[in-house]
Amino acid sequence: QVQLVESGGGLVQPGGSLRLSCAASGSILSFNALRWYRQAPGKQRELVAAITSGGTTNYADSVKGRFTISSNARNTVALQMSNLEPEDTAVYYCNMVRSTLELWGQGTLVAVSS
């Protein structure tokens, strides 16, 4: 069974940095797109960043210049978050897709607060 395991969340002060990571276990096939979503309290889940197997990336306007998505190993994805703002507080979810298969991580909380 394929599962996505996330790590790296935590409490950080505004202006700080965190690095989230996600890896797929139990999968022989490679995923074509790897993404990070987030859901803040009382808000809808939104796409934060995405990267394709070809290396193409895209970001939400709110995180451009501050977040960097990368995939340096097969079926793994990381999100380097810098200059964090209180508005970045959310549960962050890893997402990977291949054809009709779409998997989600368990979510990791990022709390940006003084």
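Thr52 places a side-chain N or O within donor-acceptor distance of the main-chain N or O of Gly54, the cut-off being under 3.5 Å. Within the 3.5 Å criterion, the main-chain N or O of Glu6 finds no donor-acceptor partner in the side chain of Thr108. In this structure, Ser99 contributes its side chain and Leu101 its backbone to no donor-acceptor pair below 3.5 Å.
Taking both residues in full, the closest heavy atoms of Leu4 and Ala24 are given as CD2-CB, 3.5 Å, listed atom of the first, atom of the second, then distance. The shortest heavy-atom contact between Val63 and Val48 is CG2-O, 3.6 Å. Closest approach of Ser114 to Pro14, counting heavy atoms only: OG-CD, 3.6 Å. Between Met96 and Cys22, the shortest heavy-atom distance links the atoms CE-SG, 4.0 Å. Across all their heavy atoms, Ser71 and Leu34 have their closest contact at OG-CD2, 4.1 Å. Shortest non-hydrogen contact noted between Ala49 and Leu79 is CB-CD1, 4.0 Å.
A distance of 6.0 Å or more separates the ring centres of Trp36 and Phe67.
Considering only residues two or more places apart in sequence or on other chains, Glu87 meets the salt bridge (charged side-chain N to carboxylate O under 4.0 Å, His left out) condition with none of them. Listed by chain and residue number, Val91 satisfy the side-chain contact (heavy atoms from CB on, under 4.5 Å) test with Leu109 (two or more places apart in sequence, or in another chain).
Side chains of Arg98 and Leu29 form a contact here, defined as non-hydrogen atoms less than 4.5 Å apart. No side-chain heavy atom of Thr76 sits under 4.5 Å from any side-chain heavy atom of Ser21. The closest side-chain heavy-atom distance from Glu85 to Arg66 is below 4.5 Å. Within the 4.5 Å cutoff, the side chain of Val112 has no heavy atoms near those of the Gln13 side chain.
For Arg45 and Tyr37, the positive end sits near the middle of the six-membered ring, less than 6.0 Å away and at most 45° from its axis.
Val97 and Ile69 fall into different hydrophobic clusters, where Ile, Leu, Val, Met, Phe, Trp and Tyr are joined by side-chain heavy atoms under 4.5 Å apart, directly or via other members. In the hydrophobic clustering of ILVMFWY residues, with side-chain heavy atoms under 4.5 Å counting as a link, Val5 and Leu103 come out apart. A continuous path of ILVMFWY side-chain contacts below 4.5 Å connects Val77 to Val110, so both sit in one hydrophobic cluster. Both Leu84 and Leu20 belong to a single network of hydrophobic side chains, linked directly or stepwise wherever heavy atoms of I, L, V, M, F, W or Y lie under 4.5 Å apart.
Atom OH of residue Tyr93 and atom CD of residue Gln39 lie 5.5 Å apart, to the nearest 0.5 angstrom. To the nearest 0.5 Å, atom CE of residue Met81 and atom OH of residue Tyr92 are 5.5 Å apart. In this structure, the separation between CD on Glu46 and OG on Ser62 is 5.0 Å, given to the nearest 0.5 Å. Distance check, rounded to the nearest 0.5 Å: CZ of Arg19 to OG of Ser82 gives 11.5 Å.
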